[in-house]
Undergrad: 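Structure provided below as structure tokens; questions to follow.
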Amino acid sequence: MHNTPKFKALLAKPNPYVHAVNGPDRLKEECGVFGIFGHQDAAALTALGLHALQHRGQEAAGIVSFDGNQFQAERRLGLVGDSFNKRNIIERLSGTSAVGHVRYSTSGDTAMRNVQPLFAEHSRGGFAICHNGNLTNAITLRRDLVEDGAIFQSTSDTEVLLHLLARSKKRKFIERFTEAVLQIEGAFAFTCLTNKKLVGVRDPLGIRPLLLGRLGDSWVLASETCAFDIVGAEFVREIENGEIVVITENGIESYHPYQKQAPRPCIFEYIYFARPDSIANGKSVYEVRKKMGEQLAIEAPADADVIIPIPDSGVPAAIGYAQKSGIPFELGIIRNHYVGRTFIEPEQRIRQLGVKLKHSANRSMVEGKSVVLIDDSIVRGTTSVKLVSMMYEAGARQVHMRISSPPITHPDYYGIDTPDQENLLAAKYDVEAMRKFMGAESLAFISVDGIYRAMGHEERNNDHPQYTDHCFTGEYPTSLSDKTSEEEPRLSLLSEVL
Ligand code: AMP
């Protein structure tokens with residue numbers, strides 16, 4: 001759709017969603033959201049839900065609760081388990097409704113003002129918001145708002161919605177909220193809290209996930225079903241693409257302000273992002289990943305002694321590959337769980353160190369063998385380069401690399417952390433050049449149709465793709481207003497954070 005030569009040329013420009021906020025080669029956040037209405041332990045359950053969603057963002061977490069009189073907020077850099085304790089949950093975050101957020105962010109103090117939930121006092125009362133995704137016209141909207149006198153407190157794209165909502169002249173909450181939401185573009189799953197309502201919204205294509213659950217008489221919203229499991233909530237249904245749900249003491253109301261269209265959830269949720277025990281769009285993420293491994297074994301068999309996953313992301317696909325090929329599965333690489341994900345380290349040289357800290361060879365499973373290493377994706381290539389040479393150093397005879405997603409050739413603008421196109425290995429090199437770069441005996445990726453097959457479709461519907469797969473195809477499903485705008489809108493607050 002947006003795949004014209006002009007649009008492709010624009011892709012060569014740096015990613016404004018990364019640069020404007022985080023500086024070159026810094027990474028944009030990925031997030032998880034949660035919300036609960038009508039439970040006496042609202043904040044404690046939110047902390048548990050966020051703990052289950054911790055894989056979606058590990059640099060900061062926050063909760064806002066409403067105690068019937070006042071809003072209470074706790075926002076911290078760091079892990080949920082380290083930040084939330086008896087003192088702040090039980091003594092401070094009282095009330096029967098709460099929303100919470102986990103995120104990746106830039107490191108250090110400057111990020112504090114971006115830690116969510118963001119909160120604003122509007123003419124009709126307090127409003128807290130948590131966002132998973134990324135707004136692709138936030139810089140453009142923000143520039144107009146600032147010119148009109150708005151004063152922004154954060155560098156986050158999410159704050160734009162607070163300003164749009166504050167400015168609406170409509171009478172009813174849902175009209176004001178809808179008016180604001182209809183102005184934003186991109187990917188979003190929001191959980192929002194007012195003194196009377198818990199609100200959930202999913203973008204018109206349903207790019208980012210949001211689900212509804214039930215815990216006794218309480219309603220729960222979360223990014224993934226694993227957050228329901230931890231609090232003992234039952235999964236009720238997905239929030240539909242383009243749907244707004246408003247939960248009050250009187251129950252739940254649903255609104256569909258957008259023109260109806262087919263959903264296009266992000267395929268990367270299934271490949272990497274979601275926890276394997278989550279169910280997304282009725283599919284077990286674990287089973288889908290295993291099927292991706294099976295499909296990879298069909299498309300790219302290897303003559304080898306042992307199948308070795310790159311832990312943890314490659315494990316389900318490696319099990320599928322091993323079962324399909326009949327080659328034994330072994331843990332030939334051991335992961336140290338006490339280091340953060342390599343991906344969040346800000347500088348390339350630190351990231352490389354991170355890979356060494358994180359993985360070590362299990363020599364007895366590798367020595368003298370021809371091994372197949374399986375991972376879910378190659379982004380910059382840091383992990384595969386290190387691990388191929390680690391396998392040879394541990395005495396492997398041959399190292400074959402198999403990847404259970406197609407080559408990532410295009411950056412994401414919808415809230416997944418990807419570098420600029422020039423830093424994506426598959427954007428720079430073809431498969432043979434990548435193989436040489438990592439020093440593997442062979443290298444192969446699953447095909448785009450293969451990934452759809454693993455998801456239970458016959459093939460990709462090229463006229464109406466069932467998912468958004470822009471990272472592999474370059475077909476962005478929405479306009480990218482900030483990116484295609486002729487100006488480079490750089491507000492001083494944005495560059496101050498660099
Ligand atoms: P790289 O080492 O840069 O090629 O990144 C590939 C590794 O990062 C793989 O092991 C993936 O599982 C993991 N990965 C892929 N996408 C992401 C992401 N958005 N955030 C964090 N890690 C990722």
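Whatever order the structure lists them in is the order used to number ligands and atoms, beginning at 1.
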Undergrad: Does only the side chain of Asp375 get under 4.0 Å from ligand 1, or the backbone, or both, or neither? Count heavy atoms.
TA: side chain
Undergrad: Using side-chain hydrogen bond (donor to acceptor under 3.5 Å, both in side chains) as the criterion, list what pairs up with Arg435, not counting sequence neighbours.
TA: Glu432
Undergrad: Is the shortest N/O to N/O distance between Gly381 and ligand 1 below 3.5 Å?
TA: yes
Undergrad: With under 30° as parallel and over 60° as perpendicular, where do the rings of Tyr476 and Tyr413 fit, or are they tilted in between?
TA: tilted
Undergrad: Should Asp376 be listed as contacting ligand 1, given a heavy-atom distance under 4.0 Å as the test?
TA: yes
Undergrad: Do Pro204 and Asn241 come within less than 4.5 Å of each other through their side chains, counting heavy atoms only?
TA: no
Undergrad: Record the part of Thr383 in heavy-atom contact with ligand 1 below 4.0 Å; permitted values are side chain, backbone, both and neither.
TA: both
Undergrad: Do the ring planes of Tyr429 and Phe437 sit parallel (below 30°), tilted (30 to 60°) or perpendicular (above 60°)?
TA: tilted
Undergrad: Below a 4.0 angstrom heavy-atom separation, can you tell me which part of Val379, side chain or backbone, both or neither, approaches ligand 1?
TA: both
Undergrad: At a non-hydrogen distance cut-off of under 4.0 Å, which region of Phe273 contacts ligand 1 (side chain, backbone, both, or neither)?
TA: neither
Undergrad: Residues two or more places apart in sequence or in another chain: which of them pass side chain to side chain contact (heavy atoms under 4.5 Å, CB included) with Arg397?
TA: Asp305, Ser370
Undergrad: In ligand 1, which numbered atoms sit nearer than 4.0 Å to a non-hydrogen atom of Thr382?
TA: 1 (P), 2 (O), 3 (O), 4 (O)
Undergrad: Taking only heavy atoms of Ile416 into account, list the atoms of ligand 1 that are under 4.0 Å away from them.
TA: 19 (N)
Undergrad: Heavy-atom distances under 4.0 Å are what count here, so tell me which part of Ser313 touches ligand 1: side chain, backbone, both or neither.
TA: side chain
Undergrad: Please determine if Arg460 and Glu475 form a salt bridge, counting it only when a charged side-chain N lies under 4.0 Å from a carboxylate O.
TA: yes
Undergrad: Phe190 vs Phe188 aromatic rings, parallel, tilted or perpendicular, using cut-offs 30° and 60°?
TA: parallel
